[in-house]
Amino acid sequence: MSDTTESNPRITPVVVGDSRFDDDDELLDGLNPEQREAVVHRGPALLIVAGAGSGKTRVLTHRIASLIRNNEAWPSQILAITFTNKAAAEMRERVGHLLGQVAEGMWISTFHSACVRILRREAENFGFTKSFTIYDSQDSRALVKRIIKDLQADAFGFTVAQVTGKISKLKNELSDADSYARQANFSDPQDAMFVEVFRAYSRALRDANAFDFDDLISQTVFLFRAFPQVAEKYQRRFRHILVDEYQDTNHAQYALIRELTRPPESNELSGLSSFGGGGASLTVVGDSDQSIYAFRGADIRNIVEFERDFPGARVVLLEQNYRSTQNILSAANAVISNNFDRKDKKLWTAVGDGEKIVGFTGYSGHDEAQFVADEIAKLREGGMAYNQIAVFYRTNSQTRALEEIFIRSALPYRVLGGTKFYERAEIKDAMAYLTSVANPFDALALRRILNTPKRGIGPATETQLASFAEREGIGYRDAMRRASELGLGPKVTAAILQLAGLLDEATALADPERPGGEAPVSEVLALLMEKSNYVTMLRASRDPQDEARAENVEELLAVTKEFNRNNPDGTLIDFLTEVSLVAAVDDLDDSSGTVSLMTLHTAKGLEYDAVFLTGVEEDLLPHRMSASEPGGPAEERRLFYVGITRARKRLFISLAMTRAQFGETAVAMPSRYLQEIPAELMDWIQSPGMATSRGGTEPRALNASRGRSYGGSGGGSGSRWNSDSTFGLPPAPPRQKTEWANRVTGQVRDNGDLELVPGDRITHTDFGEGRVNQVTGEGSKRVAHVSFESAGPKKLLIKIAPIEKL
DNA sequence: GCTTTACCACTCTTC
DNA sequence: GTGGTAAAGC
């Protein structure tokens with residue numbers, strides 16, 4: 001990474017005259033002048049505007065290391081907020097590497113993790129216990145659903161999604177049920193009912209000793225505001241606060257930062273602080289062009305108005321890109337320049353143009369996926385490692401087609417996010433057992449396991465138990481222990497008592513006071529699963545899927561063991577916290593030799609040698625839902641921009657003319673953003689206008705009338721594709737589309753023991769005839785390398801490929 | 001109280 | 001194509 005900034009007229013020379021930094025060379029080596037400035041600047045506030053790939057992580061880690069190395073701060077005085085746990089771990093490692101030792105006591109974590117840490121310490125100040133549960137969005141939804149039912153709020157037209165969405169939004173703006181009630185319009189029965197629902201929801205969380213995701217931030221702010229002496233503790237402790245991805249902070253997070261950087265009330269100097277008794281020094285890093293979380297309350301104004309918010313703030317611009325080729329950057333610059341209302345910023349690089357961006361238009365999502373798979377195979381042959389290749393898409397549902405083709409092509413891949421392991425019902429069940437042990441107040445968790453596996457404890461019994469607990473003013477666990485007082489049938493009573501006994505036994509095992517200390521999480525879970533017969537029940541089931549579920553539970557057991565290995569002192573609560581706060585990227589394994597599939601949102605902050613941007617179609621990117629939201633299309637453009645700028649060397653952009661959505665095939669139009677990429681930067685293998693199929697088969701009828709009119713944005717100047725076509729040609733008529741879709745998806749087969757050897761001739765339903773060159777792999781993973789006469793070389797998973805030996 | 005079946009609505013992005 | 005719910009039957 002050489003310093004080539006002399007050629008850039010925009011730079012201002014930075015004087016590093018302060019003797020403090022004289023022996024600091026090592027930390028400044030290889031940094032360009034702006035990066036150096038961002039590392040060495042000292043003051044109350046610093047905004048680093050870091051374009052994509054401009055080395056901001058490097059700057060942040062060097063800045064932290066420099067603070068510690070120069071004895072300007074103890075590690076414990078530093079709080080660094082990152083966007084994901086993975087980024088936090090990486091930053092910790094890099095700082096440790098720079099300093100030559102692990103910096104103990106430094107807080108490097110996400111907003112949520114930092115807040116959980118604070119809340120666990122301080123919970124008892126405001127009516128929670130330190131073993132509170134964290135509700136994920138599924139839990140919140142379940143709770144709201146129940147409340148809507150109880151209050152019969154569905155009569156007012158409330159849906160669960162609406163209510164959870166509104167509550168989340170309000171919490172991100174630091175409103176709670178009371179403050180909302182104060183300005184609610186009670187003459188509107190719907191609004192009045194919403195107040196009731198919000199109240200009931202908040203009360204239920206409090207009663208359950210639980211916080212939802214949004215609470216983690218907002219309640220920490222409330223805590224600081226209500227207990228100044230608590231706030232002061234943290235204001236004194238953290239003298240340097242650094243926040244990454246500042247453009248994606250919401251109001252609650254902004255307020256939290258404000259609280260933390262406020263000068264402590266009593267003005268005594270503390271230790272090594274470089275700013276007397278004032279507020280902590282704040283460094284934020286961000287790029288408003290990469291703001292893609294407005295939908296969850298991120299407020300772009302936080303970064304745009306930073307200088308006004310923090311007077312005396314210094315701003316450093318990082319525009320030199322060290323990641324991508326010029327072609328990729330030019331495309332990114334061209335696209336993002338269509339967003340008005342932004343500070344002009346142009347990424348540039350010294351590495352040269354690189355290859356052109358490759359474009360492809362498939363007839364269907366499957367055709368597109370096949371293109372991706374084929375290109376990945378070529379990249380691989382060219383020596384690129386699978387883990388340097390990523391495929392991005394707008395919505396998780398797009399993974400289906402990609403996965404089908406990838407499996408068939410024997411490409412090793414990994415889907416990040418999506419239907420996450422921890423969201424599966426059986427995992428949720430097992431986790432609910434653990435939660436019930438850790439937090440006996442959590443009614444939601446208890447309710448989930450009360451009759452899972454079936455114990456004959458139905459809704460009627462549950463209600464009785466609940467009202468008994470309320471009547472007596474006791475917790476659920478106590479109520480269960482006293483089940484015999486309820487006058488229920490002997491079988492039900494015994495079942496309740498047995499479950500209570502099991503939970504008590506597990507609680508004793510997880511008790512830190514226990515002789516020998518708290519038992520490892522895996523032991524607690526093993527006991528619960530064993531004695532509840534949960535896994536036994538699954539294995540005995542006739543439903544074939546239950547076998548897979550049982551295996552998932554076993555997998556969870558393995559996860560707990562792994563957790564215990566990595567965290568010998570890790571408690572049950574620690575485990576539950578960790579699981580609640582994992583992000584999709586967090587289980588990205590850099591060393592796995594697989595292609596990564598993820599949404600554009602998940603891709604933020606990552607980089608790959610080769611990137612495939614798929615589904616670049618109207619209604620998908622920009623997504624249909626974004627059209628109605630203010631600022632929606634601009635945010636979608638930023639999303640596209642984020643995707644483009646993830647690529648180092650190769651960028652592939654693809655779309656399909658029809659897409660399976662809803663179980664049926666719908667017409668798809670090229671995205672308006674495609675036209676924004678200068679034509680000379682792209683090489684279309686098959687542009688949206690080209691009407692011939694890739695295998696060279698006959699042209700498909702693409703001249704049917706349009707399904708809907710395409711109201712392109714701006715432009716309107718006609719074709720930009722470097723083919724002879726008109727823009728936005730409509731797709732094939734429905735019958736042909738379905739045929740195509742069926743031909744690819746319709747065949748699930750099992751060739752189990754088909755023996756193939758090099759030289760065999762085979763026929764494939766899609767690719768026609770070909771010759772087997774080589775067979776690799778074993779058992780069900782045997783792969784045939786086939787040269788097809790018309791479709792070229794392919795790799796096929798023998799077990800499931802639609803092939804026959806000739 | 002449990003199980004099966006049929007119909008429904010929804011599907012955008014996430015800590 | 002899925003997942004969740006409601007009703008009917010055991």
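Lettering of chains follows the sequences in order, A, B, ..., and the numbering in each one begins at 1. Values reported hereafter were calculated over all heavy atoms of this structure, with side chains retained and with hydrogens, waters and symmetry mates removed.
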For this session: Verify the neighbour count for atom NZ of A/Lys166: are there more than 12 heavy atoms of other residues, nucleotides or ligands below 6.0 Å?
Result: yes
Exercise. Looking at A/Arg146 and A/Glu462, does any basic side-chain N land under 4.0 Å from a carboxylate oxygen?
Worked result: yes
Exercise. Between A/Ser626 and B/dC12, is there a side-chain N or O to OP1/OP2 distance below 4.0 Å?
Worked result: no
Problem set entry | A/Arg301 atom CZ, neighbour heavy-atom count above 12 within 6.0 Å | no
Exercise. How many Å lie between CZ on A/Arg146 and P on C/dG4, as a whole number?
Worked result: 17 Å
Exercise. Could you state the CD-P distance from A/Glu245 to B/dC15, rounded to the nearest angstrom?
Worked result: 13 Å
Exercise. Rounded to the Å, how far apart are A/Lys86 NZ and B/dC15 P?
Worked result: 14 Å
For this session: Return no unless some side-chain N or O of A/Ser580 is found under 4.0 Å from OP1 or OP2 of B/dC15.
Result: no
For this session: Measure the CG-CD1 distance between A/Leu256 and A/Ile217 for me, rounded to the nearest 0.5 Å.
Result: 6.5 Å
Exercise. Taking the six-membered ring where the residue is Trp, are the ring centres of A/Tyr234 and A/Phe224 under 6.0 Å apart?
Worked result: yes
Exercise. Is the NZ or CZ atom of A/Arg637 positioned over A/Phe640's six-membered ring, under 6.0 angstrom from the centre and within 45° of the axis?
Worked result: no
Exercise. Looking across every strand, which nucleic acid part, if any, lies under 4.0 Å from A/Ser397 by heavy atom: base, sugar-phosphate, or nothing?
Worked result: nothing
Problem set entry | pi-stack flag for A/His112 and B/dC15, centroid dist under 5.5 Å, interplanar under 30° | no
Exercise. Is any NZ, NE, NH1 or NH2 atom of the basic residue among A/Lys171 and A/Asp176 found under 4.0 Å from an Asp or Glu carboxylate oxygen of the other?
Worked result: no
Problem set entry | Dot-bracket pairing map - DNA chain B, Watson-Crick plus G-U, both contacts under 3.5 Å, | cross-strand | ||||||||||.....
For this session: Look at A/Ser137 and B/dT14 and indicate whether a side-chain polar atom (N or O) is within less than 4.0 Å of OP1 or OP2.
Result: no
Problem set entry | Span that lies between the P atom of B/dT13 and that of C/dG4, in whole angstrom | 16 Å
For this session: Compute both the distance and the angle, then confirm whether A/Lys604 meets the cation-pi test with A/Phe83: under 6.0 Å from the six-membered ring centre, within 45 degrees of the axis.
Result: yes
Exercise. Below 4.0 angstrom, N of the basic side chain to O of the carboxylate: do A/Arg624 and A/Glu636 qualify?
Worked result: no
For this session: Output yes when at least one side-chain N/O atom of A/Asn396 is less than 4.0 Å from OP1 or OP2 of B/dT14, else no.
Result: yes
Exercise. Looking only at N and O atoms, is any donor in the side chain of A/Arg296 or the base of B/dC15 less than 3.5 Å from an acceptor on the other one?
Worked result: no
Exercise. For B/dC15, does either OP1 or OP2 sit under 4.0 Å from a side-chain N or O belonging to A/Asn250?
Worked result: no
Problem set entry | Per-pair stack call A/Phe295 and B/dT13, 5.5 Å, 30° | yes
Filtered N/O pairs between nucleotides 5-8 of chain C and protein, under 3.5 Å:
unit_1: C/dT5; atom_1: OP1; unit_2: A/Lys145; atom_2: NZ; d: 2.3

Seminar exercise, completed: DNA chain B nearest-nucleotide lookup for A/Arg455 and A/Ala161: closer to the 5′ end is A/Arg455
Exercise. Considering only side-chain heavy atoms of A/Phe213, which listed nucleotide, B/dT13, B/dC2, B/dC15, is closest?
Worked result: B/dC15
Problem set entry | 5' precedence on DNA chain B between A/Thr110 and A/Thr159 (nearest-nucleotide basis) | A/Thr159
